[in-house]
Amino acid sequence: MKIRAAVLEQVGGPHHVVELDLAEPKEDEVLVRLQASGVCHSDQNAIDGTAPTRCPAVLGHEGAGIVEAVGSRVRRVRPGDHVALSWAPSCGECEECLRGLRQLCGAAWPAMGAGALMDGTTRLSRSGDPVHHYSFISSFAEAAVVPERSCVPIPRDVPFAVAALVGCAVTTGAGAVWRTAGVQPGERVAVVGCGGVGLSAVLGAVAAGAGEIVAVDRVPSKLEAARDLGATRAVLWTGTPEATAEAVIEASGGGVDYAIEATGRPEAMTAAFLSTRARGAAVLIGIPREDAVVQLPALSFPRKERRVLGSLYGSSYPERDFPHLLDLYRRGRLPLDRLISHRLPLDEIDMAFGLLTGGEATRVVLELA
Ligand SMILES: [Zn+2]
Ligand SMILES: [Zn+2]
């Protein structure tokens with residue numbers, strides 16, 4: 001079939017919205033008519049080369065839509081089902097999956113790196129030449145063929161824009177607070193970087209009953225957004241990790257139990273670590289450059305029992321956690337729609353990334369139908 005999609009021809013951009021060919025789903029794949037896609041910093045990392053990405057490619061990994069057709073062996077969903085899409089289809093059989101660490105499943109990484117689906121080939125093409133997928137989803141398009149394991153059925157009354165955000169930012173941010181950190185009621189939390197992921201961490205901290213929630217960002221409007229969503233204190237990034245951490249320690253009344261870092265910048269990771277109190281932990285979510293290195297004061301590991309925790313996809317399991325997150329949204333416990341600052345059509349995709357990199361946007365959603 002023919003679809004309209006935003007193609008990144010080469011690193012550096014821009015996008016071109018063009019017509020592509022989308023092949024039928026294979027036996028364990030699903031054709032999804034996309035309705036909404038969030039625009040995430042990881043897409044920006046692909047555009048600017050921070051994360052090496054095969055081009056030409058259709059980016060987008062935070063999508064939701066309606067199942068249109070399924071392969072012969074698909075059992076999880078049927079045509080007509082509403083789905084949120086996971087960019088981490090786990091195999092259920094490898095060592096990590098058997099240890100309960102589905103987000104760390106190794107089976108999907110080679111195909112993801114090749115810009116293909118699980119069998120190493122693409123369903124996207126143009127004049128017979130392959131166009132690469134991105135994180136199995138490629139949601140900057142009218143439709144996508146995705147692995148069955150990327151499809152998580154959702155209730156019909158959930159707006160697609162909200163379901164799309166659950167596909168990456170919300171699960172990553174709230175999951176880091178709940179599942180990686182395991183924040184307890186009354187514990188103090190800092191969130192360094194208040195984009196879509198960081199603000200999701202703020203919402204997660206509020207829902208977990210955290211005490212002080214200190215938002216940190218270099219953009220005042222994002223701090224305001226964080227306060228609107230429940231952050232109790234705001235700290236403007238001062239330019240150095242040390243001074244910023246001092247301000248967080250002051251604002252939190254002596255340092256935080258968990259400092260969630262959602263930018264991927266080493267200096268922000270350092271600030272997060274230095275913001276913790278004794279036994280506290282920096283929780284690192286942001287995706288850094290491949291060659292990034294963080295320097296930390298080693299003495300405070302033993303002397304203060306400070307810790308560093310890595311977190312991928314909020315240490316979550318999409319099949320279990322997407323429905324839970326959306327249930328909390330439906331009951332008004334997690335106001336996920338308030339994360340969305342802008343809604344744009346697919347044709348305005350470069351403007352969407354301008355809003356993201358310019359710091360004005362919390363989350364931009366592309367409306368695809
Ligand atoms: Zn993302
Ligand atoms: Zn696995």
Side-chain angles (χ1 to χ4, degrees), residues 8 28 34 36-48 50-51 53 57-64 84-113 118-119 133-140 144 146-150 152 161-176 180 193-201 204 260-264 284-288 311-322 325 336 339-341 349 352-353 355-357 361-366:
L8 182 73
D28 53 358
L34 293 160
S37 175
V39 176
C40 179
H41 236 283
S42 295
D43 300 307
Q44 177 60 32
N45 288 348
I47 295 171
D48 64 26
T50 301
T53 301
V58 177
L59 304 181
H61 62 281
E62 193 177 78
L85 299 176
S86 155
W87 50 257
S90 53
C91 74
E93 292 164 8
C94 72
E95 193 171 39
E96 267 59 65
C97 285
L98 293 176
R99 289 199 294 150
L101 303 173
R102 297 244 175 185
Q103 77 280 10
L104 301 180
C105 173
W109 288 108
M112 190 188 279
M118 296 296 273
D119 69 351
H133 296 253
Y134 179 72
S135 295
F136 303 110
I137 306 298
S138 292
S139 54
F140 297 158
V146 303
E148 175 184 17
R149 290 189 173 117
S150 287
V152 179
V162 167
L165 299 197
V166 167
C168 184
V170 172
T171 299
T172 301
T180 312
C194 295
V197 173
L199 292 176
S200 296
I260 316 289
E261 192 289 323
T263 74
L284 308 185
I285 323 178
I287 309 292
S311 179
L312 182 72
Y313 220 164
S315 306
S316 292
Y317 175 21
E319 289 89 332
R320 176 195 64 195
D321 293 326
F322 287 8
L325 287 158
L336 301 178
L339 294 169
I340 301 166
S341 58
I349 184 164
F353 280 103
L355 289 165
L356 184 76
T357 54
T362 52
R363 209 51 160 190
V364 184
V365 169
L366 297 173

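Below, all heavy atoms of this structure are taken into account, side chains as well, without hydrogens, waters or symmetry copies. Quantities reported herein were computed from a predicted structural model and do not represent experimental measurements. We count ligands from 1, going down the list as the structure has it; atoms in each ligand are counted the same way.
For the pair SG of C105 and SG of C91, the angle whose vertex sits at the Zn ion (ligand 2) is 100° to 10 degrees. Considering the Zn ion (ligand 1) as centre, the angle to SG of C168 and to SG of C40 is 130° (10° rounding). The Zn ion (ligand 2) lies at the vertex of an angle of 110° between the SG atom of C94 and the SG atom of C97 (rounded to 10°).
A donor-acceptor pair under 3.5 Å links the side-chain atoms of T172 to the main chain of C168, judged by distance alone.
Within H61, NE2 is the N, O or S atom that lies nearest to the Zn ion (ligand 1).
Salt bridge E319/R102: absent, no basic N to carboxylate O contact under 4.0 Å.
A side chain to side chain contact (heavy atoms under 4.5 Å, CB included) with L59 is found for exactly one of I47, I349, N45, V39, namely I47.
Taking the side chain as every heavy atom from C-beta outward, F140 and L8 never approach each other to under 4.5 Å.
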